[in-house]
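Values below: every heavy atom of this structure, side chains too, minus hydrogens, waters and symmetry copies. Each ligand, and each atom within it, is numbered from 1 in the order the structure gives. Bear in mind the structure is a predicted one, so any value in this text is a computation, not a measurement.
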Amino acid sequence: MEEEISRRNFLRGVGASAVAGALAKAAAAAQSVESLDDQKPVGPEPEKLVLRVNGSKYEVEVEPRVTLLDVLRNRLQLTGAKEVCDRATCGACTVLLNGQPVYSCMKLAMEVQTQEITTIEGLGTPNNLTPIQRAFVECDAMMCGYCTPGFVMSLTALFSAKSNPTVEEIKKACSGNLCRCGTYPHIFKAAQRVAESGQSTT
Ligand code: FES
Ligand code: FES
């Protein structure tokens, strides 16, 4: 009997703590819903945004649904990043966000306002190419050229992190970029040339 009572007490105790836990979770959920109520919704109307691109600040007014790629190409006339698949498969739209390569077709402009954005226009100039850009020219690493800015951006990020990457590291860095013309051997040769020269990308 004594054993039965203590088992009952035990079960009561477990039930009480389960109820207390559920109540605490319900209270936390209610609080988070209240805090959402306090937040100002954005859109669908255009919002003012400030983007930092290639060392300059740009103010644009766009709907929150607009992608970074769209703003770069159609508002800022920075057309180096290409729109090819528009669904995160080809890498033609690659830019750097705080030095890291990203697909700009998959980023909303409004979510990258605090970050440093670098596009191909922010690297070398025709008269002063970066080593990786020069190596692409010297190794004939392009045909139609549509994929080229994306590859250059991905490799620029790689060489910023490591000046002498291995072939495997070069291929891995380019794994998010597609070249439909099939210039991969020349692209990898260009990257290897830079790696062997020990030059930095800037
Ligand atoms: S256009 Fe962005 S990944 Fe293809
Ligand atoms: S050079 Fe044409 S897609 Fe790569």
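Between the side chain of Asn98 and the main chain of Glu116, a donor-acceptor pair closer than 3.5 Å is present. A donor-acceptor pair under 3.5 Å is formed between the side chain of Glu169 and the backbone N or O of Thr166.
Residues forming a side-chain contact (heavy atoms from CB on, under 4.5 Å) with Val84 (at least two apart in sequence, or on another chain): Lys82, Cys90, Ala92, Tyr146, Arg180. In this view, Thr79 and Arg73 satisfy the side-chain contact (heavy atoms from CB on, under 4.5 Å) rule, not counting sequence neighbours.
In the hydrophobic clustering of ILVMFWY residues, with side-chain heavy atoms under 4.5 Å counting as a link, Ile120 and Leu178 come out together. Both Val66 and Val102 sit in one connected hydrophobic cluster of ILVMFWY residues. Membership requires side-chain heavy atoms under 4.5 Å apart, directly or through other members.
Counting only protein N, O or S atoms, 2 lie closer than 2.8 Å to atom 2 (Fe) of ligand 1. Note on atom 2 (Fe) of ligand 2: protein N, O or S atoms under 2.8 Å away count 2, no waters included.
The two residues Ala157 and Gly99 make their nearest non-hydrogen contact at CB-O, 3.6 Å.
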Practice item. Step by step, work out the side-chain contact (heavy atoms from CB on, under 4.5 Å) result for Leu78 and Asn54. Key: CA-CA 10 Å; Leu78 295 170; Asn54 300 333; 4.3 Å; yes

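In this structure, the side chains of Asp70 and Glu83 stay at 4.5 Å or more apart for every pair of heavy atoms.
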